[in-house]
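The analysis underlying the following values was restricted to heavy atoms, covering all of them including side chains, and did not include hydrogens, waters or symmetry mates. Being a predicted model, the structure only gives us computed values, none of them experimental.
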Amino acid sequence: MSMVRRVMPHPLTSAVLLVVWLLLHHTISAGHIMLGGVLAVLIPLFTERFFPEPVYLGRLKAIVRLFAVVLWDIIVATFAVSRVTLGPTSKLSPSFVRVPVDLTDDFALTALTSTISLTPGTVSAEIAPNREHILVHALDVADGAELVRTIKERYEAPIKEIFKC
């Protein structure tokens, strides 16, 4: 392992941390660049043991496409949830749905469960011990099979492509 890799085990993470630090503080002063740089080196260095295997991200186009799909779904779901919650509660049809998953990578599975929970009206309630399915609670389910199909096509498939699993 090279000296640079020992000091900066995740250079991309370090770069992102520095940029986020500067964006959060709305400044590019020398003090903030230095402090952000120190944190950007130390945080990945001290958390390296939590990442025993390197994460390989796939094509940038797949990441951008997934981001756009999730952002769109969040916007649409926000209006849908607002409509159902402001309407009569008798029309609500909440349900738990088991979504079978084909993901084997821990980071990919985490990305999928997080994406599901980010979308208003759905939350990942449980990952099966054998990792064969995720239990998802949805606020208004007309068709459980349709919810499963949507999650698998819109989220799981791109995540499989991104994480190459």
Look up atom [atom1] in [X] and atom [atom2] in [Y], then write down how far apart they are to the nearest 0.5 Å.
X      : Y      : atom1 : atom2 : value
Asp140 : Thr122 : CG    : OG1   : 12.0 Å
Thr27  : Ile33  : OG1   : CD1   : 7.5 Å
Thr150 : Glu156 : OG1   : CD    : 12.5 Å
Leu109 : Phe163 : CG    : CZ    : 10.5 Å
Ile151 : Thr115 : CD1   : OG1   : 10.0 Å
Phe79  : Ile74  : CZ    : CD1   : 13.0 Å

Are [Y] and [X] connected in a single hydrophobic cluster, I mean Ile/Leu/Val/Met/Phe/Trp/Tyr linked by side-chain heavy atoms less than 4.5 Å apart?
X      : Y      : answer
Met34  : Leu17  : no
Leu22  : Val41  : no
Val123 : Leu118 : no

Option from Val101, Val99, Ile127 for which side-chain contact (heavy atoms from CB on, under 4.5 Å) with Leu112 holds: Val101
Of Val70, Leu147, Val136, the residue whose pairing with Ile116 passes side-chain contact (heavy atoms from CB on, under 4.5 Å): Val136
What are the two closest non-hydrogen atoms of [X] and [Y], and how far apart are they?
X      : Y      : result
Leu18  : Ala40  : N-CB, 3.9 Å
Pro44  : Thr13  : CG-CG2, 4.2 Å
Val97  : Gly144 : CG1-O, 3.9 Å
Pro100 : Val148 : CD-CG1, 3.9 Å

side-chain contact (heavy atoms from CB on, under 4.5 Å) assessment of Val141 paired with Phe96: CA-CA 9 Å; Val141 180; Phe96 283 97; over 6 Å; no
If the threshold is 4.0 Å, N to carboxylate O, is there a salt bridge linking [X] and [Y]?
X      : Y      : value
Glu161 : Arg65  : yes
Arg149 : Asp143 : no
Asp106 : Arg131 : yes

Using side-chain heavy atoms (C-beta onward) and a distance below 4.5 Å, is [X] in contact with [Y]?
X      : Y      : value
Leu35  : Trp21  : yes
Arg154 : Trp72  : yes
Lys160 : Leu103 : yes

Atom CD1 of Ile28: over 12 foreign heavy atoms under 6.0 Å: no
Donor-acceptor contact present, side-chain Thr113 to main-chain Thr110, <3.5 Å: yes
